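What follows is a single structure, written as structure tokens, with notes after it.
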Amino acid sequence: MLDVPSVGDGMPPNVETVAARRPDLVVLYNSGPNVTAAKQLERIGIRTVLLDLNRLEDLGPATRMLGRLTGRQEQAESLASAMESLLHQPPPTSTPSTTLAFVVWDNPPIIIGHGSYLDQLATQAGARNVFGDVAAPSAQVSLETIVARDPQWIAVLADSAAPPAFAKRREWRAVRAVRENHFLLLPGSLFGRPGPRSGQAIAQLRAMLAR
Amino acid sequence: MKWALLIVATVLALTASVVFGPAAVSLGELLHSDIVWNLRVPRALLAFLVGGLLGVAGAGLQALVRNPLADPFLLGLSGGAGLGAVLAIALHLSGPWALPIAAFAGALAALGLVYRLGLIAGAALDPRILLLGGVAIGAFAAAITTAIVSLADAAELRNAFLWLWGGLSGASWDTVLLVALYAPIPLLVLLAAARPLDLLALGEESAGYLGADIEAVKRRVYLAASLLTAVAVAVSGVIGFVGLVVPHIARLTWGHRHRALLPAAFLGGGALLAVADTLARTVVAPRELPVGVVTALIGVPVFTLLLRRWSIG
């Protein structure tokens, strides 16, 4: 991957730089700024697809689509069914006793709700997201709601081994999991988006919860 | 009567913000609940203090620049604070207080630049240059901030904007204590300038004839109001409309005497922000609304009603 040149930000890419390389296929994440970029690339005759990759069930269809477009249908089918089996596997326990909250930002507190793949990862790892009743992928909540829902673990996306800076803030000490230093530090490369390694993410989360 | 009503409204607002919240705490447990003591009470007090400071700063600045559109954040402080906060994240300054300290430093830097610009014409502080300089410095800082955010790919930087748009999630006894220790001096400086501010409404020249040391008053009012705004932005980001609307509402009810106007703007701003924050926490619970949205949704209708009454009467 080291010699892949940069063509700008992911959302959206620099359309001119992409076009100058005359790729056979451009794959973009389906979101507002990328939709415009896709239209511009199609207009100059570069084949572009937009992938919906927000939840685990998007992984199968996305893999099959990429397989068709690259002529590797068989391999894609095998990968897609492996990823679909992730979802069809029953979670380790039907009534999870371990609870967690994903905190993506501390001021204002932003948590992950039912609409995100992270909520699915938690379920498949045998834990319950205390904000599973929030339909949106993420939402701003009050700190006192986190205290009242009292998750056993606070999960944060972090590439360092140190607890997040907010752990030292006085108002966050009201959260029991913060006081007890119960943080799940999830590496961004594995947990930052749904992908072929989501199975590994589930296994790692399960191992962390079992500690 | 007006004062009695305002004080009752303030007490009610503070009580409501302690009694109501997204977590269910029964009235019997209210006095023993950890949630109430460590989260709700400091948050209610911080909302009240920040609202009050913004109300007073707005009233002082509107009198100083003699412009009804003046708002504590118009003079470049929000731009400076935003740049400070984004720089803190981009430079990976860690620590629980990194963001507020950087925002405060950014606001102070903007304050210093605008003040220096205001003095450019000579030793006298020109309110028009203050206004124009403030808007220009604010826009420049905002442009640098946007450039940093769009060039860096850290998702954290986008979150810096969330922080900057304001909210009282960071409230704790530490922040309440900090504001309570910091604010009295600038507040007293503004209160002491009440009489010369009344005279300033007559125009600088007339105020000078009537014995006010106009230059000293202008400097003190600008610095005190800006220092209040800087601490407000450091603990709670940019909360709009309180500093613009509350002084006008206070002026429509209490008239133009600053000895009454400034305390009324403090209590009114505090009560408004306490109510707005209570609504922000509870209306869509378990989710929360940005408090700036609520201050605008309450403040603007009240303001337009008063404006109508005012223009008809």
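Residue numbers start from 1 in every chain, and the chains themselves are labelled A, B, ... in the order their sequence lines are given, proteins ahead of strands. Keep in mind that this is a model prediction, so the values were computed, not measured.
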Please classify the contact of R173(A) with chain B as side chain, backbone, both or neither, using a heavy-atom distance under 4.5 Å.
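Nothing of R173(A), per the 4.5 Å heavy-atom cut-off to chain B.
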Measure I111(A) against the heavy atoms of chain B and call it side chain, backbone, both or neither at under 4.5 Å.
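Contact with chain B is absent: no heavy atom of I111(A) under 4.5 Å.
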Under 3.5 Å: donor-acceptor pair, side chain of S116(A), backbone of I112(A):
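Side chain of S116(A) to backbone of I112(A): no pair is present.
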Under 4.5 Å, counting heavy-atom pairs only, tell me which of S169(B), A23(B), G167(B) racks up the most with chain A.
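Ranked by contacts with chain A, first place is S169(B).
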With chain A, which of G237(B), S172(B), P22(B) has the greatest number of heavy-atom pairs at distances under 4.5 Å?
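The residue among G237(B), S172(B), P22(B) with the greatest pair count is P22(B).
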Heavy-atom pairs under 4.5 Å with chain B, option from S142(A), A148(A), A174(A), A136(A) with the top count:
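With the most close heavy-atom pairs to chain B, the winner is S142(A).
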Under the side chain to side chain donor-acceptor pair (under 3.5 Å) criterion, do S26(B) and E29(B) qualify, and how do the steps go?
CA-CA 5 Å; S26(B) 67; E29(B) 286 169 50; 3.2 Å; yes
[X] versus chain A, the contacting section by heavy-atom distance below 4.5 Å:
X       : value
L168(B) : neither
A171(B) : backbone
T175(B) : side chain

Does a donor on one side chain and an acceptor on the other come within less than 3.5 Å for Q152(A) and T98(A)?
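Side chains of Q152(A) and T98(A): no pair found under 3.5 Å.
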Check for me whether the distance between the ring centres of F191(A) and F102(A) falls short of 6.0 Å.
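Ring-ring flag for F191(A)/F102(A): false, centres at least 6.0 Å apart.
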Pair V49(A), V26(A) - check side chain to side chain contact (heavy atoms under 4.5 Å, CB included), show working.
CA-CA 6 Å; V49(A) 291; V26(A) 174; over 6 Å; no
Heavy atoms only: give me the nearest L244(B)-P72(B) pair and the separation to one decimal.
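Scanning both residues completely, I find the closest heavy atoms to be N-CD, 4.4 Å.
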